[in-house]
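Residue numbers run from 1 in the order of the sequence given. Predicted model only: the values in this text are computed from it and were never measured.
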Amino acid sequence: MIPAGGQSWGAMGVMLPLILAAVLHQGFASVDPTTPAQTTAAPHKDPGRPERGTYHVANGNNTVCLLAYMGLQLNITYNSTSQNKTVQEVVNVNPNVTLASGSCEAERAVLELKTDANKTVLTFVFTQNTTSSKYHLSEVSLTTPVPDPKVGNFSTKNSSLDFLQGTVGYSYMCRMEQTLTVSQNLSINTFQVQLQPFGVSGDTFGAGKH
């Protein structure tokens with residue numbers, strides 16, 4: 001016997017579970033998930049090539065004793081507590097908001113660059129060998145705030161470097177981009193460097209040597 005409507009009870013028995021399943025699926029789909037969505041930090045944007053800055057240091061009688069003309073880019077790596085991961089920051093040193101100071105001695109010259117209201121301090125120390133009349137970058141230190149408030153300041157120092165070797169009375173020059181590895185957590189990209197930490201005559205660079 002076939003009921004009114006033309007469907008057999010056997011067919012209705014098959015269709016009913018399908019209809020219930022569709023209704024239940026539609027109901028579940030409208031419920032908000034209880035597990036919050038995971039978010040990932042946006043990748044750090046490359047700041048591009050840094051602007052070259054002119055920096056100088058004068059001694060006690062206001063005579064220029066150190067000159068530098070270069071672009072600087074900092075590569076900083078630190079452990080972010082809030083993000084629970086290692087973060088890499090690439091920061092250009094902006095010469096327009098950077099103050100240069102330092103000191104000059106017979107065998108040691110210091111260039112100190114300060115920015116971010118003196119919160120960021122980048123220091124270069126050059127050492128002279130009076131016997132060979134050669135100089136080199138022997139020490140670099142950096143202290144700077146990082147975006148993670150739980151970390152606060154990033155700080156590192158290396159006093160055993162041997163970069164940017166030159167001859168007293170001559171300026172060191174390199175037109176190519178270089179990477180100076182200071183520590184495991186800091187490297188510095190330099191661009192079109194010309195510097196002279198010893199034997200400056202007047203306020204101009206001596207002849208350049210690579």
Side-chain angles (χ1 to χ4, degrees), residues 46-59 63-77 88-116 120-144 154-210:
D46 186 346
R49 192 181 184 90
E51 182 180 347
R52 294 176 77 189
T54 300
Y55 311 104
H56 74 271
V57 176
N59 57 24
T63 301
V64 174
C65 56
L66 182 152
L67 285 171
Y69 184 36
M70 55 190 174
L72 298 171
Q73 187 176 74
L74 309 177
N75 302 288
I76 301 168
T77 302
Q88 293 181 327
E89 295 283 343
V90 182
V91 181
N92 288 345
V93 175
N94 182 354
N96 300 315
V97 294
T98 300
L99 299 177
S101 61
S103 61
C104 298
E105 301 173 8
E107 299 179 9
R108 188 174 184 267
V110 178
L111 172 63
E112 187 175 74
L113 303 178
K114 294 182 178 180
T115 188
D116 299 331
T120 296
V121 181
L122 174 63
T123 304
F124 298 93
V125 178
F126 299 89
T127 302
Q128 178 190 170
N129 185 324
T130 55
T131 302
S132 63
S133 295
K134 300 289 185 180
Y135 62 80
H136 67 279
L137 175 63
S138 58
E139 179 182 311
V140 172
S141 63
L142 173 67
T143 299
T144 187
F154 169 91
S155 183
T156 189
K157 178 180 179 179
N158 190 337
S159 303
S160 303
L161 302 177
D162 189 13
F163 296 131
L164 312 181
Q165 301 171 358
T167 302
V168 174
Y170 294 87
S171 62
Y172 170 89
M173 292 184 65
C174 182
R175 300 183 184 279
M176 303 295 292
E177 177 183 349
Q178 298 182 88
T179 298
L180 312 180
T181 301
V182 177
S183 67
Q184 184 178 1
N185 297 323
L186 173 67
S187 63
I188 302 175
N189 298 331
T190 63
F191 298 79
Q192 295 183 297
V193 174
Q194 184 173 13
L195 64 87
Q196 187 172 345
F198 298 99
V200 176
S201 179
D203 57 356
T204 58
F205 287 106
K209 286 190 175 183
H210 294 276

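When all heavy atoms of L66 and A109 are compared, the pair lying nearest together is CD1-CB, 3.9 Å. Contact detail for V93 and P95: the closest heavy-atom pair is O-CD, 3.2 Å. When every heavy atom of F126 is checked against every heavy atom of L164, the shortest pair comes out as CE2-CD1, 4.5 Å. For the pair L67 and F205, the tightest heavy-atom approach, listed with the atom from each and the gap, is CB-CE2, 3.5 Å. Of all heavy-atom pairs between K134 and V168, the closest is N-CG2, 4.4 Å. Nearest heavy atom pair, residue M173 against residue G208, reads SD-CA, 3.5 Å.
Once rounded to the nearest 0.5 Å, the distance linking CD of E112 with OG of S103 reads 9.0 Å. Between atom CD of residue E89 and atom CG of residue L186 there is a gap of 13.0 Å, rounded to the nearest 0.5 Å. Separating the CG atom in L195 from the OG1 atom in T190 is a distance of 9.0 Å, to the nearest 0.5 Å. With values rounded to the nearest 0.5 angstrom, C174 atom SG is found 9.5 Å from Q192 atom CD. The OG atom of S187 sits 8.5 Å away from atom CG of L180, with the distance rounded to the nearest 0.5 Å. The NZ atom of K114 sits 11.5 Å away from the OG1 atom of T120 when rounded to the nearest 0.5 Å.
Using cut-offs of 30° and 60° on the angle between ring planes, the pair Y135 and F198 is tilted.
Using a 4.5 Å heavy-atom cutoff, the side chains of L142 and I76 are in contact. Two residues are said to be in side-chain contact when any heavy atoms from C-beta on lie closer than 4.5 Å; L161 and E139 fail this criterion. Inter-residue side-chain proximity for V110 and V57 is flagged as unmet; no heavy-atom pair is nearer than 4.5 Å. Taking the side chain as every heavy atom from C-beta outward, L72 and F124 approach each other to under 4.5 Å. By the 4.5 Å heavy-atom criterion applied to side chains, Q88 and N75 are not counted as neighbours.
Residues meeting the side chain to side chain donor-acceptor pair (under 3.5 Å) test with T204, sequence neighbours left out: none.
Looking at Q196, its side chain does come within 3.5 Å of a backbone N or O of G206 through a donor-acceptor pair. Formation of a donor-acceptor pair under 3.5 Å by the T115 side chain with backbone atoms of V97 is found in this model. With hydrogens and angles ignored, the 3.5 Å screen pairs a side-chain donor or acceptor of Q128 with a backbone N or O of A106. With hydrogens and angles ignored, the 3.5 Å screen pairs no side-chain donor or acceptor of T54 with any backbone N or O of Y69. Although no hydrogens or angles enter the test, the distance criterion places no donor-acceptor pair under 3.5 Å between the side chain of E51 and the main chain of N92.
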Residues L122, L111; criterion side-chain contact (heavy atoms from CB on, under 4.5 Å); working and verdict = CA-CA 8 Å; L122 174 63; L111 172 63; over 6 Å; no
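For Y170, the OH atom counts as loosely surrounded, since its 6.0 Å shell holds 12 or fewer non-hydrogen atoms of other residues, nucleotides or ligands.
Remark: R52 is not positioned above the aromatic ring of F191, lacking an NZ or CZ atom under 6.0 angstrom from the ring centre and at most 45 degrees off the axis.
There is no side-chain donor-acceptor pair under 3.5 Å between N158 and S183.
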